[in-house]
**Student:** 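Let me begin by handing over the structure; questions about it come next.
As the structure is a prediction and not an experimental result, all values here were calculated from the model.
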Amino acid sequence: MANKNDKEIRFTLTDDDYKAFGKYRVLYTDSGRKIVRRQRITYLVSGILIALLFTVFHVDPNFTRLVYVIAAVIGIGGCVFADKIILRQQDKVIEADKNSADRVHADENIVTFGDDSFETRAGEDVQTFNYKDIKQVDMTEDSIYVWMNDTMIMPLPLHAFKGKKSMEDIYNFLTEKKEA
């Protein structure tokens, strides 16, 4: 596959890359938005149930008012901040998982872009993909995300490139190849 026209990038995924990918997944994918919606509903229902519980079972009126305020904070605050809460939980999991064997390709990743296909290498794992198989290409401030299908999304982090311009060039290249 290698010829003089090939472009190659090398990178090792960092915790910041995993966090950026998690943020992207939560905020910009259908499955991530579904998780946020469920979380919002959970907080809202929890607030309503707490308020209902203390409405049905009478206790000191001052305590009941305090519980209503707490229930409102849970219900409304949870709805407003659900995405931030999920992202913070996700960051904690990434930090806790730092030295786990479950990490995807902790080795150096090498992606070589050819004329008709691109190849990824991480340790002993080598895969070749045709550009026509790309479902979607997205670019954020942190990475390019190449969607091969709904479960396989390849991040190409900014630190793999010489700069933002180089990242934009690869994004445009992939977009053109996908549409060709």
Side-chain angles (χ1 to χ4, degrees), residues 11-109 120 122 125 134-161 163-165 167-168 170-171 174-175 178:
F11 59 94
T12 300
L13 293 173
T14 66
D15 285 345
D16 289 339
D17 296 329
Y18 286 102
K19 289 175 185 178
F21 178 70
K23 178 180 176 183
Y24 168 79
R25 189 183 62 78
V26 168
L27 299 178
Y28 302 109
T29 66
D30 289 337
S31 63
R33 287 190 299 267
K34 188 180 208 180
I35 290 168
V36 172
R37 278 193 305 272
R38 283 185 188 159
Q39 192 76 11
R40 285 186 173 127
I41 290 169
T42 300
Y43 282 116
L44 186 60
V45 169
S46 296
I48 291 170
L49 289 176
I50 290 169
L52 183 63
L53 180 69
F54 282 90
T55 301
V56 172
F57 299 103
H58 297 285
V59 291
D60 179 53
N62 290 331
F63 184 73
T64 301
R65 281 191 284 276
L66 176 64
V67 169
Y68 287 162
V69 170
I70 292 170
V73 168
I74 291 171
I76 296 168
C79 288
V80 171
F81 297 109
D83 52 347
K84 290 175 179 43
I85 293 167
I86 290 170
L87 291 174
R88 188 175 49 191
Q89 291 169 340
Q90 179 177 268
D91 288 352
K92 287 181 181 179
V93 169
I94 289 169
E95 287 296 324
D97 226 16
K98 190 181 275 190
N99 297 319
S100 168
D102 295 334
R103 281 285 171 104
V104 178
H105 303 303
D107 297 328
E108 179 181 49
N109 292 273
T120 64
D125 184 22
I134 295 173
K135 304 296 182 223
Q136 182 177 335
V137 181
D138 283 338
M139 185 170 72
T140 67
E141 66 278 354
D142 302 311
S143 295
I144 296 172
Y145 297 102
V146 182
W147 292 63
M148 300 313 293
N149 59 46
D150 288 339
T151 58
M152 184 178 183
I153 305 170
M154 180 176 59
L156 303 173
L158 177 59
H159 63 83
F161 301 95
K164 190 75 168 173
K165 172 75 170 104
M167 186 169 101
E168 290 169 354
I170 291 293
Y171 171 78
L174 289 169
T175 302
K178 174 189 162 295

**Student:** Is the backbone of R88 close enough, under 3.5 Å, to the side chain of D91 for a donor and an acceptor to pair up by distance?
**Tutor:** no
**Student:** Out of curiosity, W147 CH2 to Q136 CD, how far, rounded to the nearest 0.5 Å?
**Tutor:**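 Rounded to the nearest 0.5 Å, the CH2-CD separation comes to 5.5 Å.
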**Student:** Would you say that M154 contacts M148 through its side chain, given a criterion of any heavy-atom pair below 4.5 Å between the two side chains?
**Tutor:**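 They are not in contact (no side-chain heavy atoms under 4.5 Å apart), so the answer is no.
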**Student:** Report yes if the side chains of Q90 and I94 come closer than 4.5 Å at any heavy-atom pair, otherwise no.
**Tutor:** yes
**Student:** So, taking the atom named CE in M167 and the one named OG1 in T140, what distance separates them when rounded to the nearest 0.5 Å?
**Tutor:**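 Here the rounded value is 6.0 Å.
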**Student:** NZ/K135 to CD1/I153 distance, rounded to the nearest 0.5 angstrom?
**Tutor:**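 One gets 13.0 Å once the value is rounded to the nearest 0.5 Å.
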**Student:** Which pair of non-hydrogen atoms, one from F11 and one from P155, has the smallest distance, and what is that distance?
**Tutor:**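 Of all heavy-atom pairs spanning F11 and P155, the closest is CZ-O, 3.6 Å.
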**Student:** Between L13 and F21, is any pair of side-chain heavy atoms under 4.5 Å apart?
**Tutor:** no
**Student:** Any donor-acceptor pair under 3.5 Å linking the side-chain atoms of D138 with those of Y28?
**Tutor:**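 Not at all, the side chains of Y28 and D138 share no donor-acceptor pair under 3.5 Å.
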**Student:** Any chance you could measure M139, atom CE, to L174, atom CG, to the nearest 0.5 Å?
**Tutor:**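 Going from CE on M139 over to CG on L174, the span is 11.0 Å.
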**Student:** Quick one: do D30 and R33 make a salt bridge, cutoff under 4.0 Å?
**Tutor:** yes
**Student:** With a 4.5 Å cut-off on side-chain heavy atoms, are K19 and D142 touching?
**Tutor:** no
**Student:** Shortest non-hydrogen contact from S31 to R25?
**Tutor:**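 Minimum heavy-atom separation between S31 and R25: OG-NH1, 4.5 Å.
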**Student:** Determine the sole option in D83, V26, T29, I86 for which the side-chain contact (heavy atoms from CB on, under 4.5 Å) test with I35 is passed.
**Tutor:** I86
**Student:** Does atom NZ of K23 have more than 12 heavy-atom neighbours, drawn from other residues, nucleotides or ligands, at distances under 6.0 Å?
**Tutor:** no
**Student:** Locate the shortest heavy-atom distance separating R40 from C79; write the atom from each residue and the value.
**Tutor:** NE-O, 2.7 Å
**Student:** What's the spacing between T12 OG1 and D17 CG if we round to 0.5 Å?
**Tutor:** 9.5 Å
**Student:** Inspect the contact between E141 and K164 and indicate whether a charged nitrogen and a carboxylate oxygen are less than 4.0 angstrom apart.
**Tutor:** no
**Student:** Please lay out, stage by stage, how T120 and N109 fare under the test side-chain contact (heavy atoms from CB on, under 4.5 Å).
**Tutor:** CA-CA 7 Å; T120 64; N109 292 273; over 6 Å; no
**Student:** With a 3.5 Å cut-off and sequence neighbours excluded, list the donor-acceptor pairs that the side chains of residues 52-77 form with protein atoms.
**Tutor:**
from : atom 1 : to  : atom 2 : distance (Å)
T55  : OG1    : A51 : O      : 2.7
T55  : OG1    : Y68 : OH     : 2.6
D60  : OD2    : F63 : N      : 3.4
N62  : OD1    : R65 : NH2    : 2.5
T64  : OG1    : D60 : O      : 3.1

**Student:** Can you find a heavy atom in the side chain of L156 that is under 4.5 Å from one in the side chain of F161?
**Tutor:**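 Sidechains of F161 and L156: in contact.
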**Student:** CZ/R38 to OH/Y43 distance, rounded to the nearest 0.5 angstrom?
**Tutor:**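 Result: 15.0 Å between the selected atoms.
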**Student:** If you define the side chain from C-beta out and look only at heavy atoms, does anything of H159 sit under 4.5 Å from T14?
**Tutor:**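 Heavy-atom side-chain distance check passes, below 4.5 Å.
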